[in-house]
Structure formats: C-alpha cells, structure tokens
Amino acid sequence: MSKTVTEPNPQRWKALTFIAIAQLMVVLDATIVNIALPSAQADLEISNGNRQWVITAYALAFGGLLLFGGRIADLWGRKNTFVTGLLGFAGASALGGAATEPWMMFGARALQGVFGALLAPAALSILAVMFTESKERAKAFGIYGAIAGGGGAVGLILGGVLTEYLNWRWTFFVNIPFAIVAAVGAFAVIHESEGARNRSPLDIPGVLLSTTGLVSLVYGFTRAEAEGWSDGGTIGMFVASAVLLAAFVLVESKVRAPLLPLRVLLDRNRGGIYLSMGLAVIGMFGLFLFLTYYLQVVKGYSPVKSGLAFLPMVTGMIVGSTQIGARLMTRVPARLLMGPGFLAAAVAMLMLTQLELDSSYPALILPAQLLLGLGMGTAFMPAMSLATAGIDPRDAGVASAMVNTSQQVGGAIGTALLNTIAASATTTYLDDHMAQAGASEQGARLVQLQGMVEGYTSAIWWAVGILATASLVAFTFITAGGGKTGPAVASGGKDAEVEPVLVAMH
C-alpha cells in the first residue's frame with residue numbers, strides 16, 4: 001500500500017488541552033461524588049439501602065454503554081460524539097446538583113454515565129489519530145495517562161474542599177465549566193476527515209448483547225458487595241453476564257460489521273493491555289477505598305486533609321507518566337515499562353500491608369503513595385498509547401472504548417471484591433477480640449478500629465497479588481518493541497500495516 005504523507009495537525013496541542021480537560025472531568029467524577037455522598041444522602045433523605053445507587057447508576061450506564069459509545073464515535077464522527085458527550089454530561093451534572101428527590105439524583109447519575117460512555121472513547125480515539133509521530137505521541141499520551149491515573153485522587157481533594165467549604169451540590173456543578181470550556185475549544189480546533197469514519201451499519205444485536213452483558217457483570221459485582229457472593233441474585237447476574245457475553249462473541253464472529261471486531265480484542269498486545277490494566281485498576285482501588293477510610297475514621301483527618309493526603313500519589317503519577325513513561329516509550333519495549341511499573345505498585349501496596357493504628361503518614365503512607373503513583377504512571381502511559389497504536393482509524397473508537405471498559409469493569413470488581421474481603425476480615429477479628437475489650441467503651445472503640453485496620457490490610461494483601469499478576473501479564477503477553485518507530489510498527493498486530501489516517505485540520 002502506498003503511503004500518503006499528511007502534514008502534522010497544526011492545532012493538535014491545542015486540541016490536547018481540551019481533551020485533557022474533558023478526561024479530567026470524567027475521572028474526577030468517579031471519586032468526587034464519593035466524598036460528597038454522606039452529605040447528599042442526609043440532605044435528600046436517601047435510605048442506606050438505596051444510597052449505593054448514587055454510585056451504581058453511574059457505573060452501570062458508563063460501563064454498559066462504553067462499547068456502544070466507541071462505535072458511535074467511529075460512525076458519527078469523533079468530534080460530534082465528543083462535543084455531544086460533553087454537553088450532555090454538563091446537563092446531567094446540573095440536574096444532579098439541583099436534585100431535590102432521590103430519584104432525581106439516581107437519574108442524573110445514570111445520565112452522566114450515558115454521556116460519559118460517549119465522551120471517554122471519543123476523547124482517546126481523537127488523541128490516537130491526531131498524534132502518530134513517536135515522540136509526540138509519547139508526550140501526548142504521557143499527559144493523558146497522568147490525568148487518567150491521577151484524576152481520581154484529585155477528585156478526592158476537590159470533593160473534600162467543595163463539600164467542606166461550600167456544599168455537596170458543587171461536586172456536580174463544578175463539571176459544568178469544565179464541559180463548556182472543553183466543548184467550545186474542541187468545536188473550534190478539531191476538524192476530522194470523512195475518510196476516518198466507519199459507516200458500516202450499526203450492529204444492533206451486538207449493542208444489545210454487549211450492553212446487557214456488561215451491565216449484568218458490573219451489577220453482579222456491585223450486588224455482591226451489598227448482598228454477598230452466595231446470594232441468588234448475585235449468582236444470577238454472573239450467569240446472565242457469562243451467557244450474554246458469550247453470545248456477543250459468537251455474534252461478533254459472524255456479522256459483517258461487528259460492534260467489536262474480534263481482531264481488536266484478539267491482538268496479543270492489545271489483549272495483554274486490556275487484561276493487565278483491568279487487573280491493575282482492581283488493585284489500585286485498594287488504596288482509594290481503604291486509605292480514605294483509614295485517614296478519616298482511624299486517623300481523624302477532615303475531608304480536605306484526607307484529600308490532600310493523596311497528593312504524593314498524584315505527584316508520582318505525573319512524574320511517572322510524563323518523565324519516565326513518555327521519555328522511555330520510544331526507546332524500550334512497552335513491557336519493560338508496564339511490567340516494572342505494575343511491580344513497583346505492588347511493592348507500594350506491600351508497604352501498606354504494614355498499616356497499624358498509629359502508623360506514621362510521613363514514614364509509611366507518603367512513600368508508599370509516591371511509589372504507587374510512579375509505578376502506575378509509568379505503566380499507564382505506554383498502555384494507553386499502545387492500545388490504540390497502529391489501529392485502523394475506523395476502529396479507533398471501539399479500541400479506545402475497550403481501554404475504558406477494562407478500567408470500568410476493573411473498578412467495579414475491585415470495589416466489590418476488596419470491600420468484601422475487608423469486611424469479612426474485620427468481622428472475624430471482632431469475633432475473636434471483642435471479648436478482650438471488657439466493659440470499657442474506650443476499649444471497645446479501640447478493638448473496632450483495630451478490626452477495621454485488620455480488614456484493610458487483609459484486602460491490601462490481595463491487591464498486592466493482583467498487581468503482581470498484572471505485571472506478569474504485561475511481561476508475558478505484550479511483545480511490541482520500542483525504539484523510534486511509527487505507531488503502526490509499534491502495534492505488532494495484524495493491522496500493523498494499515499496506513500494511519502490523521503485527523504485533518506482546516
């Protein structure tokens with residue numbers, strides 16, 4: 001095939017600014033609402049049994065519709081999908097901030113998930129087709145990877161500040177200026193060529209099977225956290241998910257224009273990236289979930305102070321992504337960044353298994369967070385770049401959606417699995433030690449806190465193993481080389497010879 005030389009996108013760095021703003025908004029939203037949830041629950045009189053739907057409604061819509069959103073981006077155009085997702089997300093955020101009833105909150109969160117599922121894959125696929133030169137691609141994905149990895153921790157900080165000094169509604173309203181700035185900027189600087197679209201008919205059976213299968217999977221893990229792993233409904237969700245996703249794979253292998261071309265999924269490098277990233281997110285949720293409670297409940301930190309306590313991890317993410325991953329991606333194979341990166345994160349978690357009631361933040365928690373951030377930032381950056389490198393531009397949206405899907409499903413699994421392990425370990429500890437507390441209220445409180453820490457460290461041990469497994473998967477499955485190669489060569493997949501098509505800027 002003859003190559004068509006295309007001039008680099010003259011406004012690509014401006015476009016990256018607006019893509020970064022949009023990505024930050026989506027990632028922030030995953031954690032910023034968690035900090036505000038207790039206040040919102042009290043204000044809207046949401047029952048304890050229903051409060052999970054503030055989180056679950058978003059996770060179900062976002063996780064279930066990501067593949068569909070990626071395909072829409074390929075069909076309708078990435079710019080159109082990106083701007084629509086931004087404006088829809090802003091509208092849903094306004095509805096959530098203005099909620100006066102529980103059903104309004106649940107509906108707003110579901111709508112945020114729907115528009116997030118359009119926005120996230122469109123953002124990553126725009127980035128993938130705009131930056132194809134190795135060094136520039138490394139730098140761009142370094143910035144994107146730092147935001148994707150560290151944005152959740154920033155959400156904890158911002159959520160704490162807004163909740164403590166304003167009120168919980170501003171954790172929703174803050175999305176509106178982000179979305180408007182990103183939408184206006186993207187509309188002005190991003191113009192894509194018609195040839196980059198995939199105008200094949202929409203695979204309706206694939207949409208229905210993938211959406212219901214992923215929703216069942218995410219809800220199964222969410223239900224397991226609340227009802228237990230042996231609950232009939234939980235088991236039913238997992239069985240339904242397995243059947244639906246197996247049927248989805250069968251349909252995709254037969255139809256002429258599949259929602260998810262199996263060549264995207266079965267490429268050794270991409271498959272390894274999706275699997276290792278999903279595992280890493282499961283492990284990383286051990287830090288977000290348990291360290292937040294440890295700092296606030298055990299150490300007595302305020303929401304703002306506990307949010308600021310995550311800054312070392314954010315710093316590590318930025319340094320790992322922009323200074324290590326971006327600088328080395330064009331020189332060494334991706335597995336030599338991802339494998340050691342996930343292994344460093346596992347070592348950081350190993351340090352946190354030593355948590356005790358009186359553990360020192362500067363001596364233990366700070367260095368562990370910094371190492372975790374460095375490891376995850378170093379690993380995420382080449383992972384996101386390689387997952388979309390060399391892909392046929394018509395498949396860029398769905399390949400990007402799979403990156404988000406692995407993270408979203410990993411987050412759902414991590415929350416349910418690790419929380420269940422922690423709760424079980426805490427219950428066992430209290431059963432064994434509560435009698436030792438005697439009649440003293442202070443003694444009982446001390447045993448309860450020790451039981452919480454015991455639960456956290458038990459779950460973090462599992463996170464260590466999961467992150468080590470992610471490292472092993474990266475070393476084993478990912479074979480793409482480094483060096484100063486173009487993205488097509490770097491992908492190493494069977495679509496590596498497809499000519500890259502850049503977004504045309506007018």
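Because the structure is a prediction, the values reported are computed rather than measured.
Judged purely by atom type and a 3.5 angstrom limit, Asn269 uses its side chain to pair as donor or acceptor with the backbone of Thr479.
Looking at residues two or more places apart in sequence or on another chain, you find no side chain to side chain donor-acceptor pair (under 3.5 Å) involving Asn167. The side-chain contact (heavy atoms from CB on, under 4.5 Å) check on Leu209 picks up Leu244, Ala247, Phe248, Val251, with sequence neighbours excluded. Residues meeting the ring-ring contact (aromatic ring centres under 6.0 Å, His included) test with Phe82, sequence neighbours left out: none. Taking the ring-ring contact (aromatic ring centres under 6.0 Å, His included) definition, one finds that Phe173 meets it with Trp170, sequence neighbours left out. In this view, Arg327 and Gln323 satisfy the side chain to side chain donor-acceptor pair (under 3.5 Å) rule, not counting sequence neighbours. Residues satisfying the side-chain contact (heavy atoms from CB on, under 4.5 Å) test with Thr378, not counting sequence neighbours, are Ile324, Leu337. Shown here are the side-chain contact (heavy atoms from CB on, under 4.5 Å) partners of Ala368, two or more places apart in sequence or in another chain: Met351, Leu352. Applying the side-chain contact (heavy atoms from CB on, under 4.5 Å) rule to Leu472 yields the partners Thr476; only residues at least two apart in sequence or on another chain are considered.
Closest of all the heavy-atom pairs between Ala334 and Pro382 is CB-CB, 4.5 Å. Contact between Phe310 and Gln369 at its shortest, heavy atoms only, is CA-OE1, 3.1 Å.
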With a 3.5 Å cut-off and sequence neighbours excluded, list the donor-acceptor pairs that the side chains of residues 174-182 form with protein atoms.
residue : atom : partner : partner atom : Å
Asn175  : ND2  : Asp29   : OD1          : 3.2
Asn175  : ND2  : Ser93   : OG           : 3.1

